[in-house]
Structures are given as structure tokens and as C-alpha cells.
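Reminder, nothing fancy here: chain letters follow the sequence lines and each chain counts from 1.
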Protein chains: 2
Amino acid sequence: MGAWQHDAVSFPDAVALLALTPLFQGAGREQLTALAGRARFRRYDTHDAVFRAGDAADTLSVVARGSVRVYRAGPGGREFTLGIEGPRQMLDLAAVLDSAGRHTAHAHALGEPTQLLSVPADLARHIILHTPALAGAVITHLARREADGQRRLDALVFSGVGARLAAYLLDHAGAPHALPRNSELAALLGTVPEIVSRKLGEFYRLGWIDLARRTVTVMNPAELQRVVTGD
Amino acid sequence: MGAWQHDAVSFPDAVALLALTPLFQGAGREQLTALAGRARFRRYDTHDAVFRAGDAADTLSVVARGSVRVYRAGPGGREFTLGIEGPRQMLDLAAVLDSAGRHTAHAHALGEPTQLLSVPADLARHIILHTPALAGAVITHLARREADGQRRLDALVFSGVGARLAAYLLDHAGAPHALPRNSELAALLGTVPEIVSRKLGEFYRLGWIDLARRTVTVMNPAELQRVVTGD
DNA sequence: CGATATTTTGAGTAGCGTCAAGATCTGTGG
DNA sequence: CCACAGATCTTGACGCTACTCAAAATATCG
């Protein structure tokens, strides 16, 4: 568990953060102050658990600094990453909004000292439901996530690791991009680190990507795209 | 495309159907009549397309009779079933509620002559957003679907076809259950018909299920459960 | 009873996961 | 700046699962 702190500066910071959060764009000052009034900052060190599957989803958290990885755990220590949420993103909104909600995934802090702002779930729920603009934003957000989820499902069903890795590379490599560890990539793609290593090596040998000290550059987007599409 | 009809009896029928739809439980008479006033019934024969990926999601449809399979198409004619919606269920709610929405999946009618009630998307959206009880129901619904989607994702990542089939059997076989075609099962589980056939045969030979004329009965739930969990 | 669809089964293949060893990287303390 | 320890990456060898293609068996329906 991470240490948490709540100091005098919290309140204005909380209002400012909430005001910048995409999902709370439609909120008025009144709602923001109500939320901020019961909000608390917490700080987490890298790898601290933010929540675990089975925990009651009684607070809605917004990332203030750092990032949080939400994942499911499988047998043999394998993990599957559902998402990595950075600043201004919310954690497991779905579980929090489902009134009987329990978290169905684990989440832990990544990278830099991570700071989250948490507000009680029932308050967040109440305010969201009674502010049409917020409800609309939340619904749009959940709808998009469902579409994303469907895309991920059929990537798993219809295509192989090579295709999923190629898609990742095309997404994240307009500019040269610092690759995460192979184990993180594997968790993102639904495979194991060894396979990621082999596929990366393969793309490199084909000259489709350049790879130096964990920095990747896409050299041949067209060929990668062909792999995504399915040879 | 299916033939459609709109007759004099439509309106009261539409109000009645909407009133029974789980998602519209929170709607008042006023909202129901507004929706029903612009609703139209359409009838589809088996295999008629209800919508296709890429179509504008400009109407929200509720199943009145029959059922509709929503699926994504992969290479080589393979399909992956996202869901089968029966009476009082809504079709691809997520796409309809995402304002810029286009359908990202295909849908076609199944079984009996299928009848759908469709209301314009913008009207549905407007009414939902301005009725807190409705917004709440929609949000809860989308949240549950996200949880379902996550469960399906990790079933694909962490377990094999055998485990997914066993889970299906345990879900649908309190009572003896009429199995769908192997191709439908395959689309549901993310595999191909041949594998479904083999796995069913295997469970049968082990005595875990009984299988006669496409009617399956679970004989040994404990062993099937072990397969789901992961040996 | 015949025609067609569906299921079953066999045989071959490709992709992925596992295990284990070796190579490379990273950070630390001397 | 170097040496060392621990982590991470790479690579090989192997087995298993699932997919493909094709043919035979069975079921379904008129």
C-alpha cells in the first residue's frame, strides 16, 4: 500500500485537476467544488497496488501525476494489460459506476511517483447522473471503450502476435519511440516476452524497424501495415 | 434488406415494448410516448442484415421478436460473435450513443421471423441524457458490458478453446440444452467448427456431457469446471 | 428416397508457449 | 573508471494447441 497525504493545498489543486479532466468538461464550478471537497490525494511508489480484483470500487480515481497500469492476472504469473492511464485519465470507471461495483482487475502505479486524486464513488455517481452534460460525456466514453474492446477482441481472435505487434508499432512510432520492457509489451499484446523478442528481431532483420538501445523507429510502415491487415 | 411495415397498431405496441425494455424502466409515460411516436417496426427474415460495419448508427433498435446476432467478420469468412440479443434487448447501444457513431460490427436476424422496433438515434440520445434514471441505467449497462468484454478478453488470452467451451456448457446447461450449430459455437468461442466438434467429442468420450441429437446435458460439472479453471 | 447441409475424422502444418542457457544491459559500490 | 550482481533480453530446442484442407459419415428436409 502506498502512503497517502492530504495537505492544505489539496483543495485548489483538486479543483484544477478535475476541471482539466476530459470527462468533467461539462461540470460547473458547483459540481467541481463539491467533488473536490471530498477528494483526497494519494501518492504511490512504483509497483504499489492501487486496487486489486475483488476490492470494492468505492472511489473514483483520477491520475494527477505518473501513470497506472490496469491489468488482469492469469495463471503462471502471466498478465494481460487492459489499459495504462496517464494524467487526467480515470481508473476503472466502469467498475465505479456499476453501483454494485467491485474491481475486476488489478491496478498498480508505474514509473514516476504517481499521484491520484480520489473521490467517493457514490458522490461521483450522483453528480454524473444529475448533470446531463456529464452523463453524456461518460456515456460517450464508455461507448468508445466498448468499441476499443471489440477491436482488441477480434485482434486476438483473427490475428497473430506479429500483427498485433505491428499494429502497436504503427500506433506508437510516428517519432522514434522508447519501447517498454518486453514483458510489458507481452502483457499488452496478450503473449509472453520471448515471443515479443522474436517478432521484434524478425521485423528488425527485415529492415522494417530500426532498434537501438530500446528505441524503435518504423522504417517501413507499408510492410508493417500489410502484416496488420493479414499478409 | 428486410421488408418493413408500419401499421395502425404500431403505436400502442411500441409503447408497450419500450415500457418492458429493461433499459427504459426509468422512463416516464411522457418519454415513452415521445419515443414511440417516432418509432417504427421492421420485420426481417432469417439472415437478413440488420446493419453492417460502417453503416451510420442513426437508429436505436429494440428486439421485439426473434433475435439478432452481432458479429465481426474476419479473413476467410471467419466470424466472431459479439452477442446475441433477444426480445427487449437493444442492438449495438454503444455505437448509437457515441454521437459520431458508426456501427463497427455486422448484425443479422436469426431464427424466427425477427421484428425490431427502431427509434431515431438523436431522439433516444436526447431523452436518455435528460432523464437521470435512464442515464443511470445506460451507464450501468455499459459498465457491465465492459466487465463482460474484459472477461472475454482474458478467456482468449489465458485459456484455450476447451476451457471456453466448458464455460459455455456450464453456463447454458442447467437443463438439457439444444446446441447451436458448430459454426455458431465456433463464432462465439473464437475458433472454427472443426475444433468445436473435436472438443465436444472429447468431453463426450470422457463422460462429462451427454449428447444426443444436438441436445447436450452436463453430466460432470465438476470436471468441466476444472477445465475452465485451468486443469 | 434423394439432395443438401452439417458434422466428424484424418493428416499435415504453423504458430505459440515453455524451459533453459547464454548474452547483454543496468546500476552499484569500490 | 572498473568490477560485479541482478535484471532483462535473446536464442535454441521442444511440445502442444489450434488451424487448414479434404474426405467420409451422418443428419435434415423436401
Inset, instruction - May I ask you to verify if any side-chain N or O of A:K199 is less than 4.0 angstrom from the OP1 or OP2 atom of C:dG15? - result: no
Legend entry - Length of the line joining B:E202:CD and D:dT17:P, which is rounded to integer Å: 9 Å
Legend entry - Atom pair distance, as rounded to whole Å: CG in A:L185 and C1' in D:dT10: 15 Å
Inset, instruction - Could you tell me whether the phosphate oxygens of D:dT8, OP1 or OP2, come under 4.0 Å of any side-chain nitrogen or oxygen in A:S197? - result: no
Inset, instruction - Measure from CG on B:L200 to P on C:dT6 and round the result to the nearest Å. - result: 16 Å
Inset, instruction - Respond yes when some side-chain nitrogen or oxygen of A:R205 is under 4.0 Å from OP1 or OP2 of D:dT11, and no when none is. - result: yes
Legend entry - Pair B:E223 + B:R226: basic N to acidic O under 4.0 Å: yes
Inset, instruction - Using a strict cut-off of less than 4.0 Å between a Lys/Arg side-chain nitrogen and an Asp/Glu carboxylate oxygen, indicate whether A:R145 and A:D148 qualify as a salt bridge. - result: no
Inset, instruction - Determine whether more than 12 heavy atoms belonging to other residues, nucleotides or ligands lie under 6.0 Å from atom OH of A:Y204. - result: no
Legend entry - Single hit among B:D48, B:L116, B:D92 for side-chain contact (heavy atoms from CB on, under 4.5 Å) with B:V68: B:L116
Inset, instruction - Look at the side chain of B:R78 and decide which nucleotide, out of C:dT7, D:dT28, D:dC19, has an atom nearest to it. - result: D:dC19
Inset, instruction - State plainly whether the residues B:E184 and B:R69 are in salt-bridge range, i.e. N to O under 4.0 Å. - result: no
Legend entry - Length of the line joining A:L156:CG and C:dG15:C1', which is rounded to integer Å: 15 Å
Legend entry - Separation of atom OH in B:Y204 from atom P in C:dT9, rounded to whole Å: 11 Å
Inset, instruction - Give the nucleotide from the list D:dC19, C:dC16, C:dT26 with an atom nearest to the side chain of A:T191. - result: C:dC16
Inset, instruction - Assign A:R198 to base, sugar-phosphate, or nothing according to its heavy-atom contacts below 4.0 angstrom with the strands shown. - result: base
Legend entry - Interatomic distance where CZ belongs to B:F80 and P belongs to D:dC19 [whole Å]: 12 Å
Legend entry - Between P of D:dA27 and CG of B:N182, the distance in whole Å: 13 Å
Legend entry - First encountered from the 5' end of DNA chain C, between A:E194 and A:G160: A:G160
Inset, instruction - Would you indicate, yes or no, if D:dC9 has its OP1 or OP2 atom less than 4.0 angstrom from a side-chain nitrogen or oxygen of A:R214? - result: yes
Legend entry - Whole-Å distance separating the NE2 atom of B:H47 from the P atom of C:dA5: 12 Å
